[in-house]
Amino acid sequence: EDQVTQSPEALRLQEGESSSLNCSYTVSGLRGLFWYRQDPGKGPEFLFTLYSAGEEKEKERLKATLTKKESFLHITAPKPEDSATYLCAVRGRSNDMRFGAGTRLTVKP
Amino acid sequence: DTGVSQDPRHKITKRGQNVTFRCDPISEHNRLYWYRQTLGQGPEFLTYFQNEAQLEKSRLLSDRFSAERPKGSFSTLEIQRTEQGDSAMYLCASSLALGGRANNEQFFGPGTRLTVL
């Protein structure tokens with residue numbers, strides 16, 4: 001069964017303090033690893049899709065990387081508006097996505 | 001606004017009542033998904049449609065739950081005889097699957113928060 005584990009569960013950073021969020025996964029036949037951002041009371045907002053080991057994608061202060069067993073979401077010089085829950089999901093042979101529980105990020109000014 | 005929309009945004013009901021939620025996907029998207037999310041957890045897949053056909057259902061989808069997408073556009077999710085354990089955020093997402101590539105990103109709506117008293 002496909003599994004996704006995200007760590008840490010919660011992360012508190014000072015503004016400008018760079019860090020990384022981890023997503024470890026086991027999946028049969030990876031057909032995509034997805035990162036989403038979710039603000040309280042709202043639906044997840046799509047950030048990135050990664051398809052194969054070694055792939056990297058960037059958007060503003062965020063950079064996602066992928067290996068055969070895990071993905072990292074690197075946050076460079078975060079700002080308070082980056083505070084949110086970051087969700088990782090995988091798609092294997094089925095057409096649904098399996099989500100992790102998320103990392104709740106708080107960035108203090 | 002051309003994103004995914006859901007209605008209502010909030011629903012409070014008494015145990016045993018039936019509820020129905022609606023999702024309007026992004027207009028050109030042929031796939032529509034339903035998820036359930038509880039506090040502190042990621043979304044859990046319930047079911048998905050390609051056009052009007054319901055192609056996959058999770059074992060989480062008990063026989064009290066039914067979903068339809070009659071014309072391949074909007075979808076409804078009905079919960080019969082609601083239980084307190086049904087309290088959750090119900091999320092809808094849509095995507096455009098082109099040819100054999102089914103990895104296309106899913107875009108989520110704002111969700112319907114259900115509270116069963």
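Residue numbering restarts at 1 for every chain, and letters A, B, ... go by the order of the sequence lines.
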Next on the checklist: Please give me the minimum heavy-atom distance between A/Arg91 and B/Tyr33, naming the atom from each residue.
Outcome noted: NH2-OH, 3.9 Å
Checklist entry - So does A/Gln3 have more than 12 non-hydrogen atoms from other groups sitting under 6.0 Å from CD? => result no
Checklist entry - If you count heavy-atom pairs under 4.5 Å between each of B/Gln50, B/Gln41, B/Arg9 and chain A, which one has the most? => result B/Gln41
Next on the checklist: Please tell me whether A/Leu21 and A/Phe34 are part of a single hydrophobic cluster in this structure, the criterion being side-chain heavy atoms less than 4.5 Å apart.
Outcome noted: no
Checklist outcome for this item: Residues A/Tyr51 and B/Glu105: closest non-hydrogen pair is OH-OE2, 3.9 Å
Checklist entry - Would you say B/Leu39 has more than 12 foreign heavy atoms packed within less than 6.0 Å of its CG? => result no
Next on the checklist: Quick check: is B/Tyr48 connected to B/Tyr35 through a chain of hydrophobic side chains (ILVMFWY, heavy atoms under 4.5 Å apart)?
Outcome noted: yes
Checklist outcome for this item: Whatever's closer than 4.5 Å to a heavy atom in chain B on A/Tyr36 counts as side chain
Next on the checklist: Report which part of A/Glu9 has an atom under 4.5 Å of a heavy atom belonging to chain B: side chain, backbone, both, or neither.
Outcome noted: neither
Checklist entry - Minimum heavy-atom separation for B/Pro43 to A/Leu87, with atom names? => result CD-CD1, 3.9 Å
Checklist entry - For chain A, which of B/Glu44, B/Met89, B/Gln37 has the most heavy-atom pairs under 4.5 Å? => result B/Gln37
Checklist entry - Do A/Phe46 and A/Leu73 share a hydrophobic cluster, counting only Ile, Leu, Val, Met, Phe, Trp and Tyr and linking them when any side-chain heavy atoms are less than 4.5 Å apart? => result no
Next on the checklist: I want to check something: taking the side chain as every heavy atom from C-beta on, are B/Phe45 and A/Phe99 in contact at a cut-off of under 4.5 Å?
Outcome noted: no
Item to check | Shared hydrophobic cluster, A/Trp35 / A/Tyr25 (ILVMFWY, side-chain heavy atoms < 4.5 Å) | outcome: yes
Next on the checklist: Are there over 12 heavy-atom neighbours, none belonging to A/Lys57, within less than 6.0 Å of that residue's NZ?
Outcome noted: yes
Checklist entry - CD/A/Gln38 to CZ/B/Phe108 distance, rounded to the nearest 0.5 angstrom? => result 8.5 Å
Item to check | Contacts of residues 56-82 of chain B with chain A (heavy atom under 4.5 Å) | outcome: B/Glu56, B/Arg59
Checklist entry - For B/Arg15, does the CZ atom have more than 12 heavy-atom neighbours from other residues, nucleotides or ligands under 6.0 Å away? => result no
Checklist entry - Where on B/Gln106 is there a heavy atom nearer than 4.5 Å to chain A: the side chain, the backbone, both, or neither? => result both
Checklist entry - Should A/Leu33 and A/Val4 be regarded as members of a common hydrophobic cluster, given that ILVMFWY residues are connected when their side-chain heavy atoms come within less than 4.5 Å of each other, either directly or indirectly? => result yes
